[in-house]
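Heads up: numbering here begins at 1 and tracks the sequence. Since the structure is predicted, the reported quantities are computational estimates derived from the model, not experimental observations.
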Amino acid sequence: MTDPHRILVVEDEPDIADIVLDYLRHSGFEAEHAADGHAALEHLTGPRPPDLALLDIMLPGIDGLEVLRRARRHTDTPVIMLTARVEEVDRLIGLELGADDYICKPFSPREVVARVRTVLRRSTASAAADGTAGGAPDGPLVLDEALWQVLLRGTPVALTPREFRLLQALVRHSGRIFSRAQLLDMAYDDTLDVNERAIDSHIKNLRRKLRSADGSEHEWIRSVYGVGFSYDPPAA
């Protein structure tokens with residue numbers, strides 16, 4: 001029997017935290033609580049990070065977006081943001097920093113549990129893919145789907161789970177042009193509350209990380225005006 005997934009709930013309102021913790025525990029998860037940003041960072045960057053974090057944006061000390069920004073330097077732990085701030089800029093900032101999903105307040109605790117299961121399922125499926133490299137073994141870019149690692153000319157490239165899934169899809173179908181809507185479907189289980197332009201933030205991050213690892217200005221992901229994006233490795 002496998003150990004239950006460990007979920008970190010970062011919420012400064014005790015009543016909300018208690019309800020979410022109770023629902024998670026009754027659903028078979030091991031749930032921990034952090035009431036502020038500093039405590040959240042200790043959990044996320046410590047020697048035994050959680051399997052997933054529910055992270056409120058409005059926190060005392062360090063807000064949730066800053067927690068996410070700092071945590072992403074150390075971990076790819078899936079993160080679901082909890083927010084009452086529904087402005088599009090907040091959503092895009094969070095996605096650009098590596099959030100895996102959003103839940104807007106007020107929410108149903110059952111919805112929270114369902115979203116947690118969905119993100120964990122998607123994350124586990126990506127990590128336990130068939131184990132074959134997504135790129136040619138002798139090519140410059142290699143995706144190890146078993147270990148969920150990316151190497152570019154031998155240099156590791158740290159990607160969030162969502163970025164990995166997008167790059168995986170693009171590399172598997174090199175040269176094929178994907179629309180934003182198609183990429184959105186690949187990256188999100190529920191796209192009803194996510195703008196297609198969120199894909200632009202993910203693509204921007206992928207390009208920056210690949211250029212940094214490659215040490216060149218080559219655009220590994222090509223924009224096709226009015227259509228979408230495609231994987232464009234450099235000529236041999």
Side-chain donor or acceptor of Arg180 paired with backbone N/O of Asp200 under 3.5 Å: no
Beyond-backbone contact of Leu65 with Met81, side-chain heavy atoms, under 4.5 angstrom: yes
Test item: Arg208 and Lys204 side chains (from C-beta on) under 4.5 Å apart, heavy atoms: no
From Glu163 atom CD to Asp76 atom CG, the distance as rounded to the nearest 0.5 Å: 8.0 Å
Side-chain heavy-atom pair Leu151, Asp144 within 4.5 angstrom cut-off: no
Non-hydrogen side-chain atoms of Val79 and Arg72 separated by less than 4.5 Å: yes
Closest approach of Leu55 to Gly64 (non-hydrogen atoms, all atoms of both residues): CD2-O, 3.4 Å
Inter-residue atom distance Leu82.CG - Asp101.CG, 0.5 Å rounding: 10.0 Å
Donor-acceptor pairs under 3.5 angstrom involving side-chain atoms of residues 7-24: please list them, not counting sequence neighbours.
residue: Glu11; atom: OE1; partner: Lys105; partner atom: NZ; Å: 2.9
residue: Glu11; atom: OE2; partner: Glu13; partner atom: N; Å: 2.9

Pairwise distance CZ(Arg165) to CG(Leu159) - rounded to 0.5 angstrom: 11.5 Å
Between NE2 on residue His74 and CG on residue Leu44, distance to nearest 0.5 Å: 10.0 Å
Working for side-chain contact (heavy atoms from CB on, under 4.5 Å), residues Arg70 and Ile62: CA-CA 10 Å; Arg70 298 186 191 183; Ile62 308 174; 3.4 Å; yes
Closest non-hydrogen atom pair between Thr83 and Tyr102, with its separation: CG2-CD2, 3.6 Å
Shortest non-hydrogen contact between Ala34 and His43, atoms and distance: CB-CD2, 4.1 Å
Intermediate values then yes/no, side-chain contact (heavy atoms from CB on, under 4.5 Å), Leu166 and Phe178: CA-CA 10 Å; Leu166 288 174; Phe178 289 91; over 6 Å; no
Tyr231 and Leu141, any side-chain heavy atoms less than 4.5 Å apart: yes
Any Asp36 side-chain heavy atom under 4.5 Å of Leu59 side chain: no
Evaluation steps, side-chain contact (heavy atoms from CB on, under 4.5 Å), between Phe29 and Arg117: CA-CA 10 Å; Phe29 296 104; Arg117 292 190 190 281; 3.9 Å; yes
Smallest separation among heavy atoms of His5 and Asp51, with atom names: CA-OD2, 3.3 Å
Crowding at NE2, His26 (>12 non-hydrogen neighbours, <6.0 Å): no
Matching residue for Trp220 among Leu206, Leu152, Leu170 - test: side-chain contact (heavy atoms from CB on, under 4.5 Å): Leu152
Where Val119 and Pro78 come nearest, the two heavy atoms and their spacing: CG1-CB, 3.7 Å
Qualifying salt bridge (charged side-chain N to carboxylate O under 4.0 Å, His left out) pairs, either residue in residues 218-234, two or more places apart: Arg207-Glu219, Arg211-Glu219
Atom of Pro49, atom of Thr77 and distance for their closest heavy-atom approach: CB-OG1, 4.0 Å
Reported CG-to-CG distance for the pair Asn205 and Leu167, which is rounded to 0.5 angstrom: 12.5 Å
Donor-acceptor under 3.5 Å (Arg153 side chain, Gly215 main chain): no
Worked check of side-chain contact (heavy atoms from CB on, under 4.5 Å) between Gln149 and Phe164: CA-CA 8 Å; Gln149 293 179 346; Phe164 185 94; over 6 Å; no
